[in-house]
There are 2 protein chains.
Amino acid sequence: MAHSRPTLHDVATLAGVSKSLVSLALAGSPKVSDLSRTRIVAAAAELGYRPNAAARSLKVRRTHTIGVLILDLHNPVFAEILDGVQTEVRQHGFSTMLISGSSDPALEQAEIETLLRFQIEGLILIAHRLPETILRTVAAEVPTVVVTRDDLDIPQMDSVSNDDVDGARMAVDHLVGLGHRRIVHLNGGDNPVSHARSEGYRRAMTDHGLAEFIQVVPGGLTDAAGFAATSEALGYHPTALFVANDVAAMGAIAAIENANLSVPEDISVIGYDGIRIGGMRRVNLTTIAQPLAELGRQAAQHMLRRISDRDSPAQHEQLSATLVIRGTTGPVTSRNS
Amino acid sequence: MAHSRPTLHDVATLAGVSKSLVSLALAGSPKVSDLSRTRIVAAAAELGYRPNAAARSLKVRRTHTIGVLILDLHNPVFAEILDGVQTEVRQHGFSTMLISGSSDPALEQAEIETLLRFQIEGLILIAHRLPETILRTVAAEVPTVVVTRDDLDIPQMDSVSNDDVDGARMAVDHLVGLGHRRIVHLNGGDNPVSHARSEGYRRAMTDHGLAEFIQVVPGGLTDAAGFAATSEALGYHPTALFVANDVAAMGAIAAIENANLSVPEDISVIGYDGIRIGGMRRVNLTTIAQPLAELGRQAAQHMLRRISDRDSPAQHEQLSATLVIRGTTGPVTSRNS
DNA sequence: ATGAAAGCGCTAACAT
DNA sequence: ATGTTAGCGCTTTCAT
């Protein structure tokens, strides 16, 4: 940085007062005379003065900034959760600093490290995949709330999630209600959310007396993963697919149509998340919808609470999802029964 | 923040050395004895020491952090551009701090203000909608590069964009090549990108001798906007629609299908951007694809260059888009000619 | 190889 | 109402 920005000192000199008075005036203190205040404000404007947050935070030990880690910006789910977070924190005078995860988990940790060095006051982790040990350390240092995961019980760390086991059950119930039995599950890979959804699938299948039809195909949470996993799934001649998330479900549908089968006539498909794009008629995806913005809003509330009371006991909020029936699921027909 | 984090001083005391030596050791200086280094590293680890970036930046006047403003996290375009930015800046030892725009432009400015107070070294604006005066001020203070806009000529501010006029022309050329004449354009609202695309449409239509068929329907850049604008567009009985962007194009298709017409048999639709989801078979959208990640990468490169040479002349990079023909456009048939 | 001291820009007693 | 001063945590000469 070649040009050095004007400082409080410069403003003070120009206005012909002391640094402290400038500080006071700019903070809106009532004990500054109108004359001085006017002069100071004018001087600041003239110089294009902008307070140095680093210096300020060094002194007051607050930044009014919370960090947000989003696993994958490509998945619209996270943008929708973030909406909720932002509206809520802004109302309370906080800003957010986002970082996005990358394919490399080590980078993710490094990014969090950066955030912490900037003295953020809290951290919201959206669908992270940090190891528990790291999480413990982080949560001990800074108020932390995790969104979309509830499998961890770490002191001083709150979580807000939806009940994935129950949501998965709703998906299976819906399909069974349509007469399906050979329901294959494309799972979302090795992460807690996907595990929970798989677990819900297994339990629901079992409860419906369909244990013998349980079939879990390894997949992932991206459209590419959904596409790729589908060829294996088709080998089991399913009449319906329950896919780990909406994005992967869209990939699965593409693969099904690529195989010259149609949805839902030959195979019904249900996703999970309730991303907006799934509601577009072109896509028209039946899904288990999470209250995404609400998830974000609650996460922010927990965060704010924890910032003012660091040591309050860990809270784990669980919101329920809802079944949204659209066009990719239908009754079993003679074509696929 | 109740608990105060350990400082260099604490580490020094524990290791039994001076603050300066700790600083040196942690910076990897070779003039620290192995013994001291080991002790210092151990002490730092034991205390969970994390350098305070605010203090550091105050001293060294560098943050190695660049700020990125993304207009709308919901539009997948921006995530893809960001990918390019991130890979590039990381390779050069920089981190990014993201902020996302909101419906309220004033908030957007406030967010940038926050970023600047944190002493970011550069600012990348992706599809912002800041007024030119603000932009000038910002660009004068911090290296700035704008992505997806090229209409501004501001000193010390670079831009990276695609040639929207030319891209729009390609879209029209494609449709005309398929025999379409009644090509209606759903524009993207009052912003420079949309203006350029509309302009390209008009020029291309004129060049093809189709000036009498020019019809621009006001719309927006979201799926809802595309959906809404389509009913007016249908009033002109088009055989093809050129929509301002992919997301809106998906909305338009939904509206067309809602009206019991089919794509492309009754109406062809072409979008703009080349978002990944458009490539899914379910969507299968013909589009003008921008080199999104490349846009981001180049933006980052300009940024980095400008950080090391503040006063280099403004550069305006323009990358070209490519026509991607998929399933939503087809030849004019007896049904719609 | 190590330490002492100064100072980055700011705020907050405290003094006047 | 305004100024003086100390110090937040760090890096960086400059001594030793």
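The sequence lines fix the lettering, A, B, ..., with proteins before strands; numbering per chain opens at 1.
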With A/Arg129 via side-chain contact (heavy atoms from CB on, under 4.5 Å) - residues at least two apart: A/Leu71, A/Pro105, A/Glu108
Between D/dC10 (P) and B/His9 (NE2): distance, integer Å: 11 Å
Worked check of side-chain contact (heavy atoms from CB on, under 4.5 Å) between A/Phe78 and B/Leu73: CA-CA 9 Å; A/Phe78 304 132; B/Leu73 240 25; over 6 Å; no
Inter-end axis angle, the helix from C/dA1-D/dT16 to C/dT16-D/dA1, with every axis fitted to five base pairs (rounded, 10 degrees): 40°
Partners passing side-chain contact (heavy atoms from CB on, under 4.5 Å) against B/Thr144 (at least two apart in sequence or in another chain): B/Leu123, B/Leu125, B/Val138, B/Ala139, B/Val142, B/Met157
By side-chain contact (heavy atoms from CB on, under 4.5 Å) - contacts of A/Ser18 (at least two apart): A/Ser20, A/Leu21
Residues forming a ring-ring contact (aromatic ring centres under 6.0 Å, His included) with B/Tyr49, sequence neighbours excluded: none
I'd like a table of donor-acceptor pairs (distance under 3.5 Å, sequence neighbours excluded) in which one partner is a side-chain atom from residues 90-97 of chain A, with atom names and distances.
from	atom 1	to	atom 2	distance (Å)
A/Arg90	NE	B/Glu111	OE2	3.0
A/Arg90	NH2	B/Glu111	OE2	2.5
A/Thr96	OG1	A/Gln86	OE1	2.7

Euclidean distance, atom NZ of residue B/Lys59 to atom P of D/dG7 [Å, nearest integer]: 17 Å
DNA chain D contacts made by residues 44-56 of chain A, counting heavy atoms under 4.0 Å: none
Validation row: A/His302, A/Val160 side chains within 4.5 angstrom (heavy atoms): yes
Polar atoms only, N or O, under 3.5 Å: list the protein pairs with nucleotides 1-5 of chain D and their distances.
from	atom 1	to	atom 2	distance (Å)
D/dT2	OP1	A/Ser33	OG	3.2
D/dT2	OP1	A/Ser36	OG	2.8
D/dT2	OP2	A/Ser33	N	2.9
D/dT2	OP2	A/Ser33	OG	2.8
D/dT2	OP2	A/Ser36	OG	2.9
D/dG3	OP2	A/Ser18	N	2.7
D/dG3	OP2	A/Ser18	OG	3.1
D/dT4	O4	A/Ser20	OG	2.7

Atom pair CZ/CZ of B/Arg5 and A/Arg117 - distance to nearest 0.5 Å: 12.5 Å
Inter- and intrachain pairs under ring-ring contact (aromatic ring centres under 6.0 Å, His included), touching residues 128-154 of chain A, at least two apart: none
Main-chain N/O of B/Gln156 paired with B/Arg310 side-chain donor or acceptor, under 3.5 Å: no
Sugar-phosphate, base or nothing in reach of B/Ser23, heavy atoms under 4.0 Å: base
Derivation and outcome, side-chain contact (heavy atoms from CB on, under 4.5 Å), residues A/Leu152 and A/Ser159: CA-CA 8 Å; A/Leu152 269 12; A/Ser159 75; over 6 Å; no
Test side-chain contact (heavy atoms from CB on, under 4.5 Å) applied to A/Glu294 - qualifying residues, sequence neighbours left out: A/Pro291, A/Arg297, A/Gln298, A/Leu319
Contacts of B/Arg56 that satisfy salt bridge (Lys or Arg N to Asp or Glu O under 4.0 Å) - sequence neighbours left out: none
Range on DNA chain C touched by chain B, heavy atoms, distance below 4.0 Å: C/dA1 to C/dG9
Rounded distance (Å) that lies between atom P of D/dC8 and atom CG of B/Asp10: 11 Å
Distance test, side-chain N/O of A/Arg117 to OP1/OP2 of D/dG9, below 4.0 Å: no
